[in-house]
Amino acid sequence: METKYQEQAKVFKALCDPKRLAILEQLRGGEKCACVLQEPLDLTQSGLSYHMKILCDSGIVTSRQEGKWTHYRLSVSGREYAMELLKELTTPDTEQAITCHQCG
């Protein structure tokens, strides 16, 4: 069973690799077939599959099958989740700071 933090870490794992950032940049132009994504990044099919699994597991990218090809696109809900997660994790919890009894 995954913890909340393991699930959240998937988002940041998706964003911490230059190849995955390049893939996201390509997908900003709209849905793309795996074969289209593969060429400019100089990736093998297995290399692309590895990166796409991480991006899809994070929820930032979704996929659909069409014949033997997989098509990928950015996910609106995945983007919103990633943005909200980053905001939540980087916003101080002022109530906790006020009620901290360990610090005095």
Side-chain angles (χ1 to χ4, degrees):
M1 182 174 180
E2 287 191 347
T3 68
K4 169 180 129 177
Y5 299 117
Q6 288 170 320
E7 189 64 31
Q8 291 173 342
K10 289 178 181 181
V11 171
F12 298 105
K13 181 177 181 177
L15 300 173
C16 74
D17 182 89
K19 294 274 189 191
R20 291 192 284 276
L21 292 176
I23 291 167
L24 292 174
E25 182 69 29
Q26 286 189 55
L27 292 176
R28 289 182 64 212
E31 184 178 82
K32 302 271 188 309
C33 177
C35 62
V36 172
L37 293 169
Q38 188 177 341
E39 284 182 37
L41 296 172
D42 194 31
L43 285 170
T44 62
Q45 185 173 352
S46 63
L48 179 66
S49 292
Y50 169 78
H51 290 295
M52 296 316 297
K53 178 169 178 16
I54 292 169
L55 287 167
C56 288
D57 284 351
S58 76
I60 295 172
V61 172
T62 60
S63 66
R64 68 176 181 85
Q65 288 295 129
E66 188 175 297
K68 68 176 190 166
W69 296 106
T70 305
H71 295 259
Y72 297 97
R73 62 180 157 73
L74 296 173
S75 165
V76 173
S77 62
R79 178 188 69 223
E80 290 172 358
Y81 174 71
M83 290 173 50
E84 189 58 39
L85 177 60
L86 181 60
K87 182 179 175 183
E88 177 184 322
L89 292 173
T90 59
T91 301
D93 183 359
T94 54
E95 285 186 27
Q96 184 179 15
I98 293 170
T99 61
C100 181
H101 299 290
Q102 293 178 338
C103 300

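Every value quoted in this text rests on a predicted model; they were computed, and no experiment measured them.
Environment of CD in Q65: crowded, with over 12 heavy atoms of neighbouring residues, nucleotides or ligands closer than 6.0 Å. For R28, the CZ atom counts as loosely surrounded, since its 6.0 Å shell holds 12 or fewer non-hydrogen atoms of other residues, nucleotides or ligands.
Of the inter-residue distances, the one linking K13 atom NZ with L55 atom CG reads 10.5 Å to the nearest 0.5 angstrom. Here the CD atom belonging to E88 is positioned 10.0 Å from the CG atom belonging to D93, to the nearest 0.5 angstrom. The NE2 atom of H71 lies 10.5 Å from the CG atom of L37; values are rounded to the nearest 0.5 Å. Atoms OH and CG, from Y72 and L48 in turn, are 6.0 Å apart once rounded to the nearest 0.5 Å. Summarising the geometry, atom OG belonging to S63 is positioned 10.5 Å from atom NZ belonging to K53; distances are rounded to the nearest 0.5 Å.
Counting only heavy atoms from C-beta outward, the side chains of R79 and M83 approach each other to under 4.5 Å. Between K19 and Y50 the shortest side-chain heavy-atom distance does not fall below 4.5 Å. Contact of the Q38 side chain with the Q45 side chain is registered, since non-hydrogen atoms from C-beta on lie closer than 4.5 Å. The shortest distance between side-chain heavy atoms of H51 and I23 falls below 4.5 Å. At least one side-chain heavy atom of Y81 sits less than 4.5 Å from a side-chain heavy atom of Q8. Looking at V61 and M52, their side chains come closer than 4.5 Å, going by heavy atoms from C-beta outward. Residues L85 and L89 meet the side-chain proximity criterion, which asks for heavy atoms closer than 4.5 Å. Between L86 and V11 the shortest side-chain heavy-atom distance does not fall below 4.5 Å.
The closest donor-acceptor contact from the side chain of K32 to the backbone of R73 lies at 3.5 Å or more, if one exists at all. In this structure, the side chain of E39 does not engage the main chain of V36 through any donor-acceptor pair within 3.5 Å.
Heavy atoms only, all atoms of each residue included: K10 and S58 are closest at O-CB, 3.4 Å.
Both L74 and F12 belong to a single network of hydrophobic side chains, linked directly or stepwise wherever heavy atoms of I, L, V, M, F, W or Y lie under 4.5 Å apart.
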### Query
Is there a side-chain contact (heavy atoms from CB on, under 4.5 Å) between I54 and D17 once you walk through the steps?
CA-CA 10 Å; I54 292 169; D17 182 89; over 6 Å; no
